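For reference, the structure discussed in these notes is given below.
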Amino acid sequence: MTVLRGYEPKEALAMLDLPTDPTTREFRGVAMPQAEGFALLVSRRDSLTTSFNYLSRISAIGKFYWVGYTLRTTPENPTGRRAARLIYEYLGRDTHQILATARMAGYVHEDALSPFHRRQLRVGEPFA
């Protein structure tokens, strides 16, 4: 098991009219090995939200990616989504690249996604 800690993009909390300070944005969780991949159980402070993520590894042109899905632990809502596809890219140990990537965190329109990411995320296809 591995522990993790990170921060949600400010835009994510602003969309919910929540404060965007670091304490509110922080999340923590655990990573656990799973068949052909790993799972993450992640929660924000005071268990305000929790998500379950499953990812499996694929390789593409010398890079390593993890693709899968995330599930939010919220009550069923006919207009809300509780599941979505996701993709993680392994950045290695280059601190400069890691920090440069972190500074680009946030939401992008699907037109700004690379064809590879768009294909893996299957934008426009319902999650089944």
Side-chain angles (χ1 to χ4, degrees):
M1 178 176 71
T2 301
V3 296
L4 64 98
R5 176 180 175 224
Y7 295 88
E8 290 192 54
K10 289 181 181 179
E11 296 91 343
L13 277 79
M15 287 173 45
L16 300 170
D17 291 326
L18 293 171
T20 58
D21 61 281
T23 301
T24 304
R25 292 175 43 225
E26 182 182 5
F27 59 82
R28 295 180 185 210
V30 295
M32 302 160 283
Q34 297 288 300
E36 300 180 30
F38 65 95
L40 302 170
L41 188 59
V42 182
S43 183
R44 286 213 331 258
R45 188 177 296 274
D46 300 324
S47 298
L48 185 59
T49 62
T50 301
S51 67
F52 171 82
N53 304 269
Y54 171 77
L55 296 125
S56 62
R57 183 175 162 172
I58 64 169
S59 58
I61 314 171
K63 292 187 174 184
F64 294 106
Y65 294 95
W66 299 85
V67 295
Y69 58 88
T70 185
L71 304 169
R72 293 182 351 189
T73 57
T74 61
E76 188 170 0
N77 178 337
T79 60
R81 289 189 338 176
R82 293 187 294 169
R85 293 179 188 92
L86 54 84
I87 182 168
Y88 285 16
E89 177 181 346
Y90 177 67
L91 298 175
R93 298 179 183 272
D94 180 347
T95 304
H96 177 73
Q97 181 184 7
I98 292 167
L99 293 175
T101 302
R103 289 182 185 106
M104 297 184 324
Y107 293 109
V108 298
H109 191 271
E110 73 178 83
D111 295 339
L113 294 171
S114 71
F116 175 79
H117 287 120
R118 198 174 305 121
R119 187 172 51 254
Q120 297 303 318
L121 294 171
R122 293 183 265 164
V123 175
E125 289 182 36
F127 184 86

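For the numbers below, each heavy atom of this structure counts, side chains included, while hydrogens, waters and symmetry mates do not. All residue numbers in this chain count up from 1 along the given sequence. A quick note: this is a predicted structure, and the numbers were derived from the prediction, not measured.
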Considering all heavy atoms of both residues, which atom of [X] and which atom of [Y] are nearest to each other, and what is their separation?
X	Y	result
Ala12	Tyr107	CB-OH, 3.3 Å
Trp66	Leu55	O-CD2, 3.3 Å
Leu71	Ala83	CD2-CB, 3.4 Å
Gln97	Leu91	OE1-O, 3.4 Å
Ala39	Phe52	CB-CE1, 3.7 Å
Arg45	Glu26	NH2-OE1, 3.0 Å

Can a salt bridge be assigned to the pair Glu8 and Arg44 using a cut-off of 4.0 Å between side-chain N and carboxylate O?
yes
How many angstroms lie between atom CG of Leu113 and atom CD1 of Ile87, to the nearest 0.5 angstrom?
9.5 Å
Within this structure, what is the OH-OG distance for the pair Tyr69 and Ser51, rounded to the nearest 0.5 Å?
12.0 Å
So [Y] and [X], do their side chains get closer than 4.5 Å, heavy atoms only?
X	Y	value
Val67	Leu86	no
Thr50	Val42	no
Phe27	Leu4	yes
Arg57	Phe64	yes
Thr20	Glu11	no
Val30	Leu40	no

If you draw a 6.0 Å radius around CD in Glu36, do more than 12 non-hydrogen atoms from other residues or ligands fall strictly inside?
no
Under the side-chain contact (heavy atoms from CB on, under 4.5 Å) criterion, do Leu18 and Arg25 qualify, and how do the steps go?
CA-CA 9 Å; Leu18 293 171; Arg25 292 175 43 225; over 6 Å; no
Cation-pi, Phe127 ring and Arg85 (6.0 angstrom, 45 degrees)
no
Ring-plane angle category for Phe116 and Tyr65, please: parallel below 30°, perpendicular beyond 60°, tilted otherwise.
tilted
Any chance you could lay out the side-chain contact (heavy atoms from CB on, under 4.5 Å) test for Thr49 and Arg72, step after step, and finish with the verdict?
CA-CA 8 Å; Thr49 62; Arg72 293 182 351 189; over 6 Å; no
